[in-house]
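Read the structure below first, then the notes.
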Amino acid sequence: MDHKTIYNSVAFFCLVLYLLPLINARPETTAGYNFYDKSDGQLSYNFYDKSCPKLAMIVRLGVWAAFKNDSRIGASLLRLHFHDCFVDGCEGSVLLDDTKDMKGEKNAAPNRNSARGFEVIDRIKADVENSCPSTVSCVDILALAAREAVVMSGGPFWGVSLGRLDGVSASEKSANEQLPSPFEPLENITAKFASKGLDVKDMVALSGGHTLGFAQCFTFKNRLFNHKGTGKPDPSLDSSFLSNLQTICPDTDSSNTKLAPLDSLSINRFDNTYYKSLLNNTALLDSDQALLRDSKTAAMVKAYSADPFLFSTDFAASMIKLAKIGVITTGQPAAGAGGVGQIRKKCGSVN
Ligand code: HEM
Ligand SMILES: *[C@@H]1O[C@H](CO)[C@@H](O)[C@H](O)[C@H]1NC(C)=O
Ligand SMILES: *[C@@H]1O[C@H](CO)[C@@H](O)[C@H](O)[C@H]1NC(C)=O
Ligand SMILES: *[C@@H]1O[C@H](CO)[C@@H](O)[C@H](O)[C@H]1NC(C)=O
């Protein structure tokens, strides 16, 4: 057997083990399985154990079904969770459709024709409603789905604490202002993370989410033909990588919606090769390559590229922090979210 065969066999074996509990669906935190604390601030790991014991398995099965149909969906679900939490906190606002009185986040610049996975969350929510009506928030479902997506892509497992309520509003303006852009300098992105209580280490670790998924040409095209107004490509780009990208996104194609993988070394596998590509000057986004231009972040990039275990543990720890930003729980309304929360019946609209 060659290495690839062995790798694939081991990966398949792990996947079977992971999905095995589906045969006899049980809550995530039954005796012998809770290797983490039960409570986590206002949230807790066993929040729905009694009220919706099948929750974790319904989400896992839903993500698995979506995965079989669309290998990109893991990436899209991870990003959706990030975009939810980074804009006015984790309260499911990204899932809300626009109404005549409210311009929501779905059509904000970073999300329009870009954010994906809404139907998957809606479908899982419908299954959860069948099993336990008006019990589980959409924001909690999204947080669980993002974790499943990472695990199914070969990434780390982390305990998702639960008990968030869904917010009752969303803001296009907040999404445009708060989400990081691939065109802004590292200092600005650092400041946006800091404003959410996420430090530089969180920023570098979470950027490893770009080990999955794709970006459209318009998000990096300036690097290919007209870097900083020079009329020339970004001189730091690896030359064969550059010519590949110029083929995918020719100057003559004005649609700029073709896709290139964010981590071309392993497209749909969650691993640390994203950091290796930064070291090779083959990062897709300028905002990714920028992590290597600053000495503090560069040291972390090197550490993560050398040590996949370090990356996995740090990524998981930062995801736990991300999923706690601005949550609304019973008895403790969050600022900025209108001070109220609810369990939405449908994720696209408030009750
Ligand atoms: C650090 C600042 C970040 C910037 C500037 C940024 C920017 C982007 C851009 C421009 C895209 C491509 C969108 C498109 O072309 O439609 C993208 C995709 C993606 N981002 Fe980020 N991102 C950042 C942080 C993160 C974080 C923290 C995560 C998750 C932990 C993440 C996960 C993803 C994923 C998985 C995709 C691919 C989605 C798909 O294929 O559907 N990003 N990001
Ligand atoms: C399957 O994935 C495609 C995108 O690749 C999507 O358009 C379609 O809605 C998905 N179908 C189902 C049943 O999830
Ligand atoms: C970066 O942040 C500064 C200060 O907030 C702002 O003036 C500048 O426009 C930002 N740059 C970009 C490219 O967004
Ligand atoms: C980095 O680039 C070198 C030279 O282009 C290539 O041989 C090597 O495989 C690359 N490494 C990774 C991890 O992509």
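We number each residue from 1, following the sequence as shown.
No donor-acceptor distance shorter than 3.5 angstrom exists from the side chain of T211 to the backbone of G208, with no hydrogens or angles considered. A donor-acceptor pair is defined here as one N or O able to donate and one able to accept, closer than 3.5 Å; no such pair exists between the side chain of S287 and the backbone of F183. Formation of a donor-acceptor pair under 3.5 Å by the S153 side chain with backbone atoms of G155 is not found in this model. Side chain of R344 to main chain of G167: a donor-acceptor pair is present (N/O by atom type, distance under 3.5 Å, no hydrogens or angles). At distances below 3.5 Å, at least one donor-acceptor pair connects side-chain atoms of T247 with backbone N or O atoms of S243. When atom types are taken as modelled, the side chain of E148 and the backbone of V59 share no donor-acceptor pair closer than 3.5 angstrom. Without hydrogens or angle criteria, Q216 side chain to N113 main chain gives a donor-acceptor distance under 3.5 Å.
Evaluation of the ring pair (Phe, Tyr, Trp, His ring centres under 6.0 Å) rule for F311 yields F270, Y275, Y304, F315 as partners, not counting sequence neighbours. Qualifying side chain to side chain donor-acceptor pair (under 3.5 Å) partners for S174, counting only residues two or more places apart in sequence or in other chains: D88, S171.
Atoms OG and CG, from S277 and D238 in turn, are 10.5 Å apart once rounded to the nearest 0.5 Å. Atom CZ in R79 sits 7.0 Å away from atom NE2 in H210 (nearest 0.5 Å).
Applying salt bridge (Lys or Arg N to Asp or Glu O under 4.0 Å) to D202 and the options K192, K196, K321 leaves one that passes, K321. Tested against F193, the residues V200, V204, L206 include a single side-chain contact (heavy atoms from CB on, under 4.5 Å) partner, L206. Applying the side chain to side chain donor-acceptor pair (under 3.5 Å) test between D234 and each of R223, K228, Q289 identifies R223 as the sole match. Between I124 and the choices I141, L55, L77, L144, the side-chain contact (heavy atoms from CB on, under 4.5 Å) rule is met once, by I141.
Under a 4.5 Å side-chain heavy-atom criterion applied to ILVMFWY residues, the cluster that includes F220 comprises L224, F225, L237, F241, L242, L245, I248, L262, L284, L285 as well.
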- side-chain hydrogen bond (donor to acceptor under 3.5 Å, both in side chains) between N281 and S236, worked out: CA-CA 7 Å; N281 295 316; S236 74; 5.1 Å; no
